[in-house]
*Asks:* 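This is the structure, below, for whatever I ask next.
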Amino acid sequence: MKTGVFVTLKDYLAAEFDLVDRAQPVTGSSNLDSILQAQLYYLRYRAEKKPGRGMLKRFCGEESTKRVYSQFFVRLGTEAATIGM
């Protein structure tokens with residue numbers, strides 16, 4: 001028996017796959033640079049605003065939480081820049 005949640009998830013995934021199938025390659029260095037800068041901005045934003053941050057802070061303390069988030073998101077940003085995301 002399929003639940004409403006399952007049907008909704010299936011529809012969502014079908015829509016995502018359809019978008020991927022229709023996606024066109026991005027070309028041009030200015031377009032790629034713009035996408036990279038937006039991705040890096042998003043990673044910095046998520047490092048500061050991540051929903052699980054409060055819970056982690058309660059369990060591990062402020063300093064440990066800052067270190068984990070900065071190392072994780074800085075590493076992601078560095079890797080994104082390195083591979084030219």
Side-chain angles (χ1 to χ4, degrees):
M1 179 173 160
K2 295 181 181 178
T3 66
V5 173
F6 178 76
V7 172
T8 302
L9 177 61
K10 186 177 161 189
D11 291 345
Y12 172 80
L13 289 174
E16 286 287 325
F17 290 140
D18 182 53
L19 286 172
V20 169
D21 285 341
R22 292 186 291 130
Q24 298 295 314
V26 176
T27 58
S29 61
S30 65
N31 289 338
L32 293 172
D33 187 54
S34 174
I35 291 169
L36 175 61
Q37 293 308 312
Q39 184 65 39
L40 294 174
Y41 171 82
Y42 175 77
L43 289 172
R44 284 190 297 273
Y45 172 81
R46 295 306 295 165
E48 296 172 7
K49 308 291 185 189
K50 187 77 175 159
R53 189 180 185 119
M55 182 178 67
L56 187 61
K57 187 169 85 173
R58 284 191 297 277
F59 287 123
C60 302
E62 178 70 29
E63 289 306 311
S64 293
T65 300
K66 281 183 183 178
R67 188 173 55 253
V68 166
Y69 273 78
S70 68
Q71 288 175 355
F72 178 74
F73 285 101
V74 166
R75 187 170 140 213
L76 277 179
T78 302
E79 289 175 5
T82 300
I83 62 173
M85 279 183 61

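Values in this document were obtained by computation on a predicted structure and should not be read as measured data.
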*Asks:* May I ask you to list the residues sharing a hydrophobic cluster with Y41, side-chain cutoff 4.5 Å, ordered by chain and number?
*Replies:* none
*Asks:* Using links of under 4.5 Å between side-chain heavy atoms of ILVMFWY residues, direct or through other members, which residues join L9 in one cluster?
*Replies:*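 Reading the cluster by chain and number, L9 sits alongside Y12, L13, F17.
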*Asks:* Can you tell me how far the CD atom of E62 sits from the CG atom of L56, to the nearest 0.5 Å?
*Replies:* 10.0 Å
*Asks:* Name all residues meeting the salt bridge (Lys or Arg N to Asp or Glu O under 4.0 Å) criterion together with R22; count only those two or more places apart in sequence or in a different chain, and write none if there are none.
*Replies:* D18
*Asks:* Other hydrophobic cluster members with M55, side-chain heavy atoms of Ile/Leu/Val/Met/Phe/Trp/Tyr under 4.5 Å, chained?
*Replies:*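 Joined to M55, directly or through intermediates: F59.
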*Asks:* Show which side-chain atoms of residues 26-33 pair as donor or acceptor with protein atoms under 3.5 Å away, not counting sequence neighbours.
*Replies:*
unit_1 : atom_1 : unit_2 : atom_2 : d
N31    : ND2    : T27    : O      : 3.0

*Asks:* Can you name the side-chain contact (heavy atoms from CB on, under 4.5 Å) partners of S64, sequence neighbours left out?
*Replies:* C60, R67
